[in-house]
Amino acid sequence: MPLKRILAGPVEDAARGLLGCELVREDVVLRIVEVEAYAGPEDTASHARHGRTARNAPMWGAPGRAYLYFCYGMHWMLNVVTGPEGVASAVLIRGAEVLAGMDTVLARRRAAKPSAQICAGPGKVAQALGLARESDGLDLLRAEGLHLRPGLTPGAILSGPRVGIGFAVEPDRLRSWRFALAGSPAVSRPRIAP
DNA sequence: CGCCGGATTTAA
DNA sequence: TAAATCCGGCGA
């Protein structure tokens with residue numbers, strides 16, 4: 001099944017389908033190992049919970065676009081928009097392994113040496129790719145600029161509650177919409193129970 | 001290894 | 001005023 005079709009489906013399936021896929025920008029190639037699913041206005045943890053705003057507008061767009069937002073006054077977060085056009089949902093990229101371009105990643109992350117956790121966290125992933133506001137809304141399925149492509153077929157997948165959404169109400173708050181490749185060293189904290 | 005506070009801008 | 005976070009410092 002083509003990636004575009006998976007992204008056009010339910011956000012939970014799209015999230016699982018993104019595990020193992022690759023993000024490419026210039027010389028940097030990352031393998032996605034951890035994601036979180038965020039649905040539309042009905043999901044009280046989602047940026048779409050108050051309806052359409054200037055910030056979350058890309059969430060209503062076509063599947064496969066980027067939704068980037070600024071968080072905690074200093075971090076950019078990369079999401080892949082999912083669902084049909086007009087339906088607001090997106091998948092937050094939370095963790096990745098560096099397949100190529102480690103020197104560039106080290107420079108952007110201001111790290112002295114490689115480590116398994118260099119892209120373990122959503123802020124780290126966007127920073128490693130050099131992403132900010134100007135990449136908001138990009139079509140990731142076009143092979144120019146930032147590109148998303150199929151990769152490794154996932155083995156075992158772990159799931160658990162989403163991180164940093166204590167403000168959401170149940171059942172959204174406890175929903176297991178965080179997914180990660182079992183055994184990957186690039187999964188962010190807190191760890192998902194096996 | 002786990003907990004805690006500060007950084008720093010924006011959206012609602 | 002709190003946020004879909006990160007990092008360094010401190011104590012066990």
Side-chain angles (χ1 to χ4, degrees), chain A residues 7 10-12 14-16 18-19 23 30 32-61 65-83 87-98 105-137 140 148 158-180 185-194:
Chain A
L7 295 179
V11 68
E12 185 176 353
R16 291 174 169 273
L18 281 167
L19 291 177
L23 286 163
L30 303 185
I32 298 169
V33 303
E34 182 189 354
V35 297
E36 277 175 1
Y38 288 88
E42 73 279 10
D43 179 2
T44 60
S46 173
H47 282 177
R49 66 188 178 279
H50 296 303
R52 185 171 183 145
T53 65
R55 178 174 69 159
N56 67 26
M59 290 183 76
W60 270 264
R65 314 288 290 213
Y67 165 42
L68 275 145
Y69 69 91
F70 194 56
C71 189
Y72 290 104
M74 62 179 75
H75 304 294
W76 286 92
M77 309 282 171
L78 171 64
N79 292 251
V80 177
V81 173
T82 71
V87 172
S89 55
V91 174
L92 173 67
I93 309 302
R94 281 196 64 89
E97 294 170 11
V98 180
V105 170
L106 288 175
R108 289 185 178 142
R109 295 271 304 112
R110 301 185 187 190
K113 53 182 188 188
S115 90
Q117 300 252 304
I118 192 85
C119 293
K124 296 178 178 180
V125 170
Q127 187 175 42
L129 288 166
L131 302 178
R133 172 169 288 128
E134 66 274 9
S135 297
D136 192 25
L140 304 181
L148 174 69
L158 301 178
S159 66
R162 292 173 288 183
V163 178
I165 51 128
F167 57 85
V169 299
E170 294 178 41
D172 301 324
R173 192 165 55 80
L174 301 175
R175 190 164 272 145
S176 288
W177 273 7
R178 180 189 182 200
F179 305 100
V187 176
S188 70
R189 302 212 311 228
R191 274 190 198 132
I192 304 176

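A quick note: this is a predicted structure, and the numbers were derived from the prediction, not measured. So that the names make sense, note that chain A is the first sequence line, chain B the second, and so on, each numbered from 1.
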- prompt: Could you state the CZ-P distance from A:Arg49 to B:dA11, rounded to the nearest angstrom?
  reply: 14 Å
- line: Atom CZ of A:Phe70 and atom P of B:dA11 are separated, to the nearest Å, by 10 Å
message: Under 3.5 Å, is there a donor on one side chain and an acceptor on the other for A:Gln127 and A:Arg109?
response: yes
Quiz item: A:His47 side-chain donor-acceptor pair to C:dA4 base, under 3.5 Å: yes
query: Can you give one letter per nucleotide of nucleotides 5-12 of chain C, going 5' to 3': B for a protein heavy atom under 4.0 Å from the base, S for sugar-phosphate only, - for none?
result: BSS-----
message: For a salt bridge (Lys or Arg N to Asp or Glu O under 4.0 Å) check, start with the C-alpha distance between A:Arg175 and A:Asp172, then their side-chain angles and the critical distance, and finish with the verdict.
response: CA-CA 5 Å; A:Arg175 190 164 272 145; A:Asp172 301 324; 2.5 Å; yes
- prompt: Within the structure shown, what part of the strands sits under 4.0 Å from A:Arg55 by heavy-atom distance: base, sugar-phosphate, or nothing?
  reply: sugar-phosphate
- prompt: Of the nucleotides B:dT10, B:dA12, C:dA4, which one has an atom closest to the side chain of A:Met59?
  reply: C:dA4
query: Applying a 3.5 Å limit to both distances, which nucleotide forms a Watson-Crick or G-U wobble pair with C:dA4?
result: none
message: Counting the atoms with a prime plus P, OP1 and OP2 as sugar-phosphate, which does A:Ala45 contact under 4.0 Å by heavy atoms, base, sugar-phosphate, or nothing?
response: base
query: Between A:Arg52 (CZ) and B:dA11 (P), how many Å, whole number?
result: 16 Å
query: Going by an N to O cut-off under 4.0 Å, is there a salt bridge joining A:Glu36 and A:Arg94?
result: yes
task: Check the distance between C:dA4's P and A:Glu34's CD and give it to me in whole angstrom.
output: 16 Å
task: Kindly assign one of parallel, tilted or perpendicular to the pair A:Trp76 and A:Phe70, based on the angle between their ring planes and the thresholds 30° and 60°.
output: tilted
Under 3.5 Å side-chain donor-acceptor pair for A:Trp177 and A:Glu12: yes
query: Would A:Arg162 and A:Asp43 satisfy salt bridge (Lys or Arg N to Asp or Glu O under 4.0 Å), going step by step from the backbone distance to the final call?
result: CA-CA 12 Å; A:Arg162 292 173 288 183; A:Asp43 179 2; 2.8 Å; yes
- prompt: With a 4.0 Å cut-off on heavy atoms, is A:Phe167 in touch with a base, just the backbone sugar-phosphate, or nothing at all?
  reply: sugar-phosphate
